[in-house]
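Side chains are part of it too, since the values below use all heavy atoms of this structure and drop only hydrogens, waters and symmetry mates. For the single chain, residues carry numbers from 1 onward in sequence order.
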Amino acid sequence: MLVLKSKNIFKDIPSSLKEELFETLQSSKEIKIERIVSYGHTTKEGEWYNQEQNEWVILLSGEAVLSFLDEDDVKLKAGEYINIPAHKKHRVSWTAPKKESIWLAIHY
């Protein structure tokens, strides 16, 4: 018998992280859902994400700035979301220091 248990996306977060925390919550061939936690983390300078799949991401808490190659930055506050098309080069250029920024990302 399968026992279902709920979890809380805001719980079990380490108080400090050397790097962003990427945690897969659910995945299949078509979709991956992950929690990302940032504490002032950014993508390394000069590096860009260039993903094979589309990514829909919502910032659940904190603040962040996403940078796109040859486009304006997008500032995000808690509750704001964006859809990033596959192969759209982007990076995290800023997240709130000294407080957690929690993302929910859906790769499809």
Criterion salt bridge (Lys or Arg N to Asp or Glu O under 4.0 Å) on Lys77 and Glu63, from CA distance to verdict: CA-CA 5 Å; Lys77 294 181 182 176; Glu63 296 178 68; 5.6 Å; no
Residues forming a side-chain contact (heavy atoms from CB on, under 4.5 Å) with [X], sequence neighbours excluded:
X     : result
Lys89 : Trp48, Asn50, Leu69
Lys32 : Thr24, Ser27, Glu34, His107
Ser28 : Glu30, Ile31

Could you report the tightest heavy-atom contact between [X] and [Y], atom names first, then the distance?
X      : Y     : result
Pro14  : Tyr39 : O-OH, 3.0 Å
Ser101 : Ala96 : OG-N, 3.9 Å
Glu55  : Gln51 : OE1-NE2, 2.8 Å

Using the rule that two of Ile, Leu, Val, Met, Phe, Trp, Tyr join whenever any of their side-chain heavy atoms come within less than 4.5 Å, decide whether [X] and [Y] are in one cluster.
X     : Y      : answer
Ile84 : Leu104 : no
Val57 : Ile9   : no
Tyr81 : Val92  : no
Ile13 : Trp103 : no

Can a donor-acceptor pair be found, under 3.5 Å and without considering hydrogens, that links the side chain of [X] to the backbone of [Y]?
X     : Y     : answer
His41 : Trp94 : no
Ser93 : Val65 : yes
Arg91 : Lys44 : yes

Compare all side-chain heavy atoms of [X] with those of [Y] and state whether any distance is below 4.5 angstrom.
X     : Y      : value
Ile36 : Ile102 : no
His87 : Glu52  : yes
Leu66 : Asp73  : no

Inspect the surroundings of CG in Asn8 and state if more than 12 heavy atoms from other residues, nucleotides or ligands are less than 6.0 Å away.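 Above 12, so yes.
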Given Glu80 and Leu59, is the side-chain contact (heavy atoms from CB on, under 4.5 Å) satisfied, shown in steps? CA-CA 6 Å; Glu80 296 181 326; Leu59 190 63; 5.7 Å; no
Distance, nearest 0.5 Å, that separates [atom1] of [X] from [atom2] of [Y]:
X     : Y      : atom1 : atom2 : result
Lys18 : Leu21  : NZ    : CG    : 15.0 Å
Lys75 : Ser67  : NZ    : OG    : 10.5 Å
Ser61 : Glu100 : OG    : CD    : 5.0 Å

If the condition is side-chain hydrogen bond (donor to acceptor under 3.5 Å, both in side chains), which residues does Tyr49 pass it with, not counting sequence neighbours?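 Testing Tyr49 for side-chain hydrogen bond (donor to acceptor under 3.5 Å, both in side chains), a comparison that skips the adjacent residues, returns none.
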Side chains of Thr95 and Ser38: donor-acceptor distance under 3.5 Å anywhere?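 Judged by distance alone, the side chains do not pair up.
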The criterion is ring-ring contact (aromatic ring centres under 6.0 Å, His included); which residues satisfy it with Phe22, sequence neighbours excluded?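 ring-ring contact (aromatic ring centres under 6.0 Å, His included) list for Phe22, sorted by chain: empty.
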So, using ring-ring contact (aromatic ring centres under 6.0 Å, His included) as the criterion, who are the partners of Phe10 when residues are at least two apart?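 Result, ring-ring contact (aromatic ring centres under 6.0 Å, His included) vs Phe10: none returned.
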Aromatic centroids of Trp56 and Tyr108 separated by under 6.0 Å: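 Distance test on ring centres: not under 6.0 Å, no.
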